[in-house]
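Below: one structure, written as structure tokens.
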Amino acid sequence: MTHLNAASSAFLESLAADLPADSLRQPEPRYLEEPRGRHQGQAAAIALPRSVQEVSSILRHAHHARVPVVPYGGGTGLVGGQVSSEGPLPLLLSLERMKAIRGIYPQENVLIAEAGAILADVQAAAEGANRLFPLSLAAEGTAQIGGNLATNAGGVNVLRYGNTRDLCLGLEAVLPNGEIWNGLTRLRKDNTGYDLRNLLIGSEGTLGVITAAALKLAPRPRHQGTALLVVPSPEAAIDLLALARDLIGEGISAFELIHKQGLQFVTDHLPDIRQPFDTAPEWCVLLDLGLPEGRDPEADLVTLFEQAMERDLVSDGVIAQSLTQSQEIWSLREHIPEANKHVGSIASHDISVPISLIPDFITRAGGALAQLGDMRINCFGHLGDGNLHYNVFPAKGRSRDDYAPLRGEISRVVHDLVADCEGSFSAEHGVGRLKVGELERYGDPVKLAAMRAIKQALDPLGILNPGAVLRAG
């Protein structure tokens, strides 16, 4: 077991002497919290570097003194990867001052951003060059691109553009001993050995600290279309996805499955959010199209609706006639997580299942949970890439505290069924500290052994984000 030391006053004094005067301070409470309130962090101080050289200096000092370092992005992660509540008092490392857009290359469809750049600002910079950075998620006004990369964030456009991993060409990063890796290539072909970029992406700050990235851009769609279509079942939704792909091809940007429970939660707790149906349908699908010049998304959606009606795949629907209507439909989808918070879940699950097995999973999971007690299930998410947010709530009139003894069993039932379907207990949120036990239970033992070997090779002292992804010690 590697012995780590707390970030003592002597360590902080030594570190401060090697940094600009305002680089260290006491962390505000917001740095020690996470969105779901499941973890309360601790830290001796927070370091706020302005350059990769300063990040290097911080990690070099921490490595020498064996002081744990917890990298901190926008703080939007949902699995506790950004907060450490156990072990020696760590140093927090925030890259919020490193937020520059270092360069945009429209002809190459590449943008280079520092890790502290807010996702929405990266999107805006791309738009200013008449390009699209397609990563889109609910926390984009707060999340930082370094954190998006460290967690391999997903979002609503994965169906068309892929995860964050698929949107990155190169990285600049600092390894645990303070060495700087200059891998900030804009090349799309660079077949020169092991891929350190993809090793660091998704490692949740346990192998290195990402300081900048070369990001892939895409042409901006000239025409967009949005529809909310009522489907009789998840099976029909999957058939609708196949039909949409046959008719529209790669123009489908998003394909979201929504259950009536989520719509009812919005009605109950966010009544100002406009809903297109007087009565919430059992299931519906939100489609978003992005098409080039010469294509009419409204016409494509009408054709899709007509052919789907002929095949009994849809029974009703709304096709947006304006940008405002499109935004209203998306606002309904994006407010479902907020409505969930008002209700208070017993257990939330970010899962992925092979798309063809999703209907069977939904049926089996609902039946298994019904045997445990009276609960409400809000199943929604990115059907186009197999990612569901399967959240379990108290029965109406009851509190989630009433179900506290069942919380672990509920998650075990859900995750066991996911494993039986050859799915993943973590589709896009990562492992963090919250799901270390699940990784040990469901992870392939050969993969886990390889992960531990990689961690030992790159961070032999275990100073970077100890306890995240892999159990500390």
Side-chain angles (χ1 to χ4, degrees), residues 136-138 154-160 163 225-245 248 252-267 273 275-277 279-289 301 304-305 308 311-320 326 329-340 345 348-366 369 376-393 414 417-418 421 423-424 426-429:
S136 180
L137 37 85
V156 297
N157 289 331
V158 172
L159 171 64
R160 182 170 185 176
N163 290 299
T226 305
L228 190 65
L229 305 181
V230 177
V231 295
S233 66
E235 291 94 335
I238 292 171
D239 289 340
L240 178 64
L241 173 61
L243 177 62
R245 280 175 157 160
I248 303 169
I252 307 168
S253 299
F255 195 94
E256 301 281 301
L257 181 69
I258 301 173
H259 184 246
K260 71 174 182 180
Q261 186 63 76
L263 301 179
Q264 188 61 53
F265 284 166
V266 173
T267 297
I273 302 300
Q275 300 206 31
F277 304 114
T279 302
E282 185 74 18
W283 294 101
C284 57
V285 163
L286 192 165
L287 293 91
D288 204 66
L289 307 185
L301 287 170
L304 174 63
F305 180 79
R311 304 181 190 195
D312 296 323
L313 300 180
V314 301
S315 59
D316 198 359
V318 174
I319 297 174
S326 174
I329 292 173
W330 270 108
S331 178
L332 175 59
R333 162 61 179 89
E334 290 166 352
H335 278 88
I336 291 175
E338 183 179 342
N340 286 348
S345 69
S348 300
H349 310 95
D350 163 48
I351 60 174
S352 61
V353 174
I355 294 174
S356 64
L357 298 182
I358 285 176
D360 182 56
F361 167 81
I362 291 174
T363 299
R364 292 171 64 193
L369 292 178
R376 292 177 290 179
I377 298 169
N378 185 13
C379 175
F380 69 103
H382 320 305
L383 183 69
D385 55 50
N387 176 196
L388 297 178
H389 300 298
Y390 194 88
N391 301 336
V392 182
F393 295 84
V414 172
L417 284 172
V418 168
C421 293
S424 172
S426 179
E428 63 178 355
H429 292 166

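Since the structure is predicted, the reported quantities are computational estimates derived from the model, not experimental observations. Only this structure's heavy atoms are used, side chains among them; waters, hydrogens and symmetry mates stay out.
The structure places CG of L383 at 10.0 Å from CG of L287, a figure rounded to the nearest 0.5 Å. In this structure, the separation between CD1 on I238 and CG on L357 is 8.5 Å, given to the nearest 0.5 Å. Considering CD1 of I377 and OG of S345, their distance stands at 12.5 Å, rounded to 0.5 Å. With values rounded to the nearest 0.5 angstrom, S352 atom OG is found 11.0 Å from H382 atom NE2. If you take CD on E334 and CD on E256, they are separated by 9.5 Å, rounding to the nearest 0.5 Å. Going from atom CD1 of I355 over to atom CG of L241 covers 6.0 Å, rounded to the nearest 0.5 Å.
The shortest heavy-atom contact between G154 and N163 is CA-OD1, 3.5 Å. Taking both residues in full, the closest heavy atoms of A308 and L240 are given as CB-CD1, 3.7 Å, listed atom of the first, atom of the second, then distance. Scanning both residues, F361 and C421, for their nearest heavy atoms gives CB-SG, 4.2 Å. Of all the heavy atoms in S253 and L289, the pair that sits closest is OG-C, 4.1 Å. Nearest heavy-atom pair, L263 versus P281, reported as atom, atom and distance to 0.1 Å: CD1-CD, 4.0 Å. Closest approach of L228 to P276, counting heavy atoms only: CD2-CG, 3.5 Å.
Here the options are V353, I358, V418, the test is side chain to side chain contact (heavy atoms under 4.5 Å, CB included), and the partner is L388; only I358 passes. Just one residue in the list L313, V231, D312 forms a side chain to side chain contact (heavy atoms under 4.5 Å, CB included) with D239, and that residue is L313. Remark: of the listed residues I336, V285, N378, V266, I336 is the sole one forming a side chain to side chain contact (heavy atoms under 4.5 Å, CB included) with I258.
Between H349 and Y390, the two ring planes are tilted [angle within 30° to 60°].
Between D288 and T226, the side chains place a donor N or O and an acceptor N or O closer than 3.5 Å (distance only, hydrogens not considered).
Aromatic rings of F380 and H259 (six-membered ring for Trp) have centroids beyond the 6.0 Å cut-off, not under it.
At a threshold of 4.5 Å between non-hydrogen side-chain atoms, the residues W283 and K260 do not count as touching. Side chains of V156 and L137 form no contact here, defined as non-hydrogen atoms less than 4.5 Å apart. No side-chain heavy atom of I329 sits under 4.5 Å from any side-chain heavy atom of R333. In this structure, F265 and R376 have side chains that are in contact, with non-hydrogen atoms separated by less than 4.5 Å.
With hydrogens and angles ignored, the 3.5 Å screen pairs no side-chain donor or acceptor of N387 with any backbone N or O of A427. A donor-acceptor pair under 3.5 Å links the side-chain atoms of E428 to the main chain of G155, judged by distance alone.
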